Amino acid sequence: MKNLIRLSDLQAGGVCEIFNIADEINSGKYSGFLNGKSAVLFFPASSIRTRVTFEKGIYLFGGQSVLFPNDTLDKKEDLRDVCGYLNNWADIVIIRHKEIKLIEKFAQYSEVPVINAMTNINHPCEILADMYSLSKTRDNFIKDKYLFCGKNSNIGLAWKEASQVMGFELSQCCAKGYEMEDVKVYHDIKTAIKGKDIICTDSLPAEEVNSFKDCQVTKEVMDMANKNAVLNPCPPFYRGEEVSGDVIQSEYFAGYEFKKNLLVIQQAIIIWCMQAQKNSR
């Protein structure tokens with residue numbers, strides 16, 4: 001049985017397997033893959049893109065989604081008992097929760113695959129979808145040079161993990177005090193942007209926006225990057241904060257089409273996990 005909790009669970013070979021499954025889905029394979037099966041989801045009310053794409057992906061495969069608020073897992077009942085019952089009925093479990101240790105503990109007791117739909121330290125599904133989109137639009141996305149603009153948080157750490165798994169070069173632009181370990185860091189965007197191909201951002205808490213004023217990505221800044229550079233802001237992004245309004249309206253913005261692949265990648269992750277479970281039985 002396979003879970004997806006960290007990108008390092010996959011390694012580069014697993015990433016390629018998921019991309020190949022996504023290609024097969026796009027060609028019409030796997031119709032009805034979840035007929036008669038149930039996916040149990042634990043999501044906060046604030047989730048939009050991740051929840052919509054998982055639920056729609058399950059529906060398109062003929063499956064049933066059973067949704068709970070993610071704080072259901074914070075109640076007094078021991079997770080081993082929650083899993084003991086769900087093992088009778090669930091075919092896969094998808095969890096979005098701030099604590100990755102809770103998801104890891106859940107996976108210990110689960111007899112069906114567990115997918116991490118975001119924690120405070122990573123967001124594997126989102127980054128897989130971004131890499132898949134880049135693989136379809138770049139000559140070789142692994143050879144591109146990446147810059148993450150933002151603090152040491154789940155999106156930045158997810159890109160760091162992806163760089164370690166896939167072997168691409170990653171740097172960070174951030175205010176002092178927000179650096180990730182073992183990543184080349186810049187504190188000025190106009191220096192950081194030079195020689196970069198893929199620029200990724202993450203939103204900032206209101207109280208930290210001013211600290212990151214020297215890291216804002218604008219159209220003027222993107223003009224300093226490599227030719228055909230791409231801006232890939234993690235949603236939700238906020239014009240006038242980590243990105244300017246003019247850069248979102250420019251040709252650099254990867255756009256909403258870029259994120260369409262989140263749906264097929266969520267489906268591919270489900271198949272990758274469940275095929276492994278089926279083959280192990």
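As the structure is a prediction and not an experimental result, all values here were calculated from the model.
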Do [X] and [Y] have side chains that approach each other closer than 4.5 Å (heavy atoms only, starting at C-beta)?
{"X": "Asp202", "Y": "Asn154", "value": "yes"}
{"X": "Leu4", "Y": "Leu128", "value": "yes"}
{"X": "Leu134", "Y": "Asn232", "value": "no"}
{"X": "Thr50", "Y": "Gln266", "value": "yes"}
{"X": "Met274", "Y": "Leu34", "value": "yes"}
{"X": "Lys219", "Y": "Glu251", "value": "yes"}
{"X": "Asn122", "Y": "Leu157", "value": "no"}
{"X": "Leu73", "Y": "Glu99", "value": "no"}

Of the non-hydrogen atoms in [X] and [Y], which two are nearest, and what is the gap between them?
{"X": "Ala12", "Y": "Val165", "value": "N-CG1, 3.5 Å"}
{"X": "Asn3", "Y": "Ala107", "value": "ND2-CB, 3.8 Å"}
{"X": "Ile142", "Y": "Met166", "value": "CG2-O, 3.5 Å"}
{"X": "Asn116", "Y": "Cys125", "value": "O-SG, 3.5 Å"}
{"X": "Ala158", "Y": "Ile127", "value": "CB-CG1, 3.4 Å"}
{"X": "Leu147", "Y": "Cys173", "value": "CD1-N, 3.9 Å"}

Hey, could you give me each pair passing ring-ring contact (aromatic ring centres under 6.0 Å, His included) that has a residue in residues 161-202? Not counting sequence neighbours. Tyr146-Phe168, Tyr178-Phe212
Determine which pairs satisfy ring-ring contact (aromatic ring centres under 6.0 Å, His included) with at least one residue from residues 87-141, sequence neighbours left out, and list them in order.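 Found Phe19-Tyr132.
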Straight-line distance of [X] [atom1] to [Y] [atom2], nearest 0.5 Å:
{"X": "Ile271", "Y": "Ile92", "atom1": "CD1", "atom2": "CD1", "value": "10.0 Å"}
{"X": "Asn210", "Y": "Leu204", "atom1": "CG", "atom2": "CG", "value": "11.0 Å"}
{"X": "Lys184", "Y": "Glu179", "atom1": "NZ", "atom2": "CD", "value": "14.5 Å"}
{"X": "Phe148", "Y": "Ser171", "atom1": "CZ", "atom2": "OG", "value": "12.5 Å"}
{"X": "Cys215", "Y": "Glu241", "atom1": "SG", "atom2": "CD", "value": "13.5 Å"}
{"X": "Leu231", "Y": "Met222", "atom1": "CG", "atom2": "CE", "value": "5.5 Å"}

More than 12 heavy atoms of other residues, nucleotides or ligands under 6.0 Å from [atom1] of [X]: is that the case?
{"X": "Asn140", "atom1": "CG", "value": "yes"}
{"X": "Glu181", "atom1": "CD", "value": "no"}
{"X": "Gln164", "atom1": "CD", "value": "yes"}

If you measure from the Lys or Arg side-chain nitrogens to the Asp or Glu carboxylate oxygens, is any gap between [X] and [Y] under 4.0 Å?
{"X": "Lys259", "Y": "Glu126", "result": "yes"}
{"X": "Asp188", "Y": "Lys190", "result": "no"}
{"X": "Glu257", "Y": "Lys260", "result": "yes"}

Linking I/L/V/M/F/W/Y whenever their side-chain heavy atoms sit closer than 4.5 Å, directly or via other members, would [X] and [Y] fall into one cluster?
{"X": "Ile94", "Y": "Ile103", "answer": "yes"}
{"X": "Val93", "Y": "Phe54", "answer": "yes"}
{"X": "Ile193", "Y": "Val183", "answer": "no"}
{"X": "Ile198", "Y": "Val185", "answer": "no"}
{"X": "Val243", "Y": "Val230", "answer": "no"}

Working note: Ser203 + Glu242, criterion side-chain hydrogen bond (donor to acceptor under 3.5 Å, both in side chains); need CA distance, chi angles, decisive distance, verdict. CA-CA 6 Å; Ser203 57; Glu242 77 276 19; 5.1 Å; no
Apply side chain to side chain contact (heavy atoms under 4.5 Å, CB included) to the pair Asp23 and Lys136, showing each step before the final yes or no. CA-CA 10 Å; Asp23 289 341; Lys136 298 303 181 185; 2.8 Å; yes
Can a donor-acceptor pair be found, under 3.5 Å and without considering hydrogens, that links the side chain of [X] to the backbone of [Y]?
{"X": "Lys196", "Y": "Lys194", "result": "yes"}
{"X": "Lys2", "Y": "Asp9", "result": "no"}
{"X": "Glu24", "Y": "Lys29", "result": "no"}
{"X": "Gln172", "Y": "Cys149", "result": "no"}
{"X": "Thr72", "Y": "Pro69", "result": "yes"}
{"X": "Asn70", "Y": "Phe42", "result": "no"}
{"X": "Asp91", "Y": "Ala39", "result": "no"}

Apply side chain to side chain contact (heavy atoms under 4.5 Å, CB included) to Arg51 and Leu67, showing your working. CA-CA 10 Å; Arg51 176 181 162 186; Leu67 178 69; 2.9 Å; yes
Just to verify, what does Arg239 make a side chain to side chain contact (heavy atoms under 4.5 Å, CB included) with, not counting sequence neighbours?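 Once residues adjacent in sequence are excluded, the partners of Arg239 under the side chain to side chain contact (heavy atoms under 4.5 Å, CB included) criterion are Phe237, Ile248, Gln249, Tyr256.
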Distance only, no hydrogens: is a donor on one side chain within 3.5 Å (strictly under) of an acceptor on the other, for Ser8 and Glu161?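 There is such a pair between these side chains.
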Can you tell me if Ser133 and Asp130 form a side-chain donor-acceptor pair at under 3.5 Å?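 Looking only at side-chain atoms, Asp130 and Ser133 do not form any donor-acceptor pair under 3.5 Å.
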Output, in order, the C-alpha distance, side-chain angles, deciding distance and verdict of side chain to side chain contact (heavy atoms under 4.5 Å, CB included) for Asn87 and Ser110. CA-CA 6 Å; Asn87 287 335; Ser110 178; 4.0 Å; yes
Which residue, Asp223, Thr218, Asn228, forms the side chain to side chain donor-acceptor pair (under 3.5 Å) with Tyr252?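 Going through Asp223, Thr218, Asn228 one by one, the side chain to side chain donor-acceptor pair (under 3.5 Å) with Tyr252 is satisfied by Asp223 alone.
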CA sep, side-chain torsions, deciding dist, call: Met224, Ile189, side chain to side chain contact (heavy atoms under 4.5 Å, CB included): CA-CA 10 Å; Met224 302 176 187; Ile189 189 63; over 6 Å; no
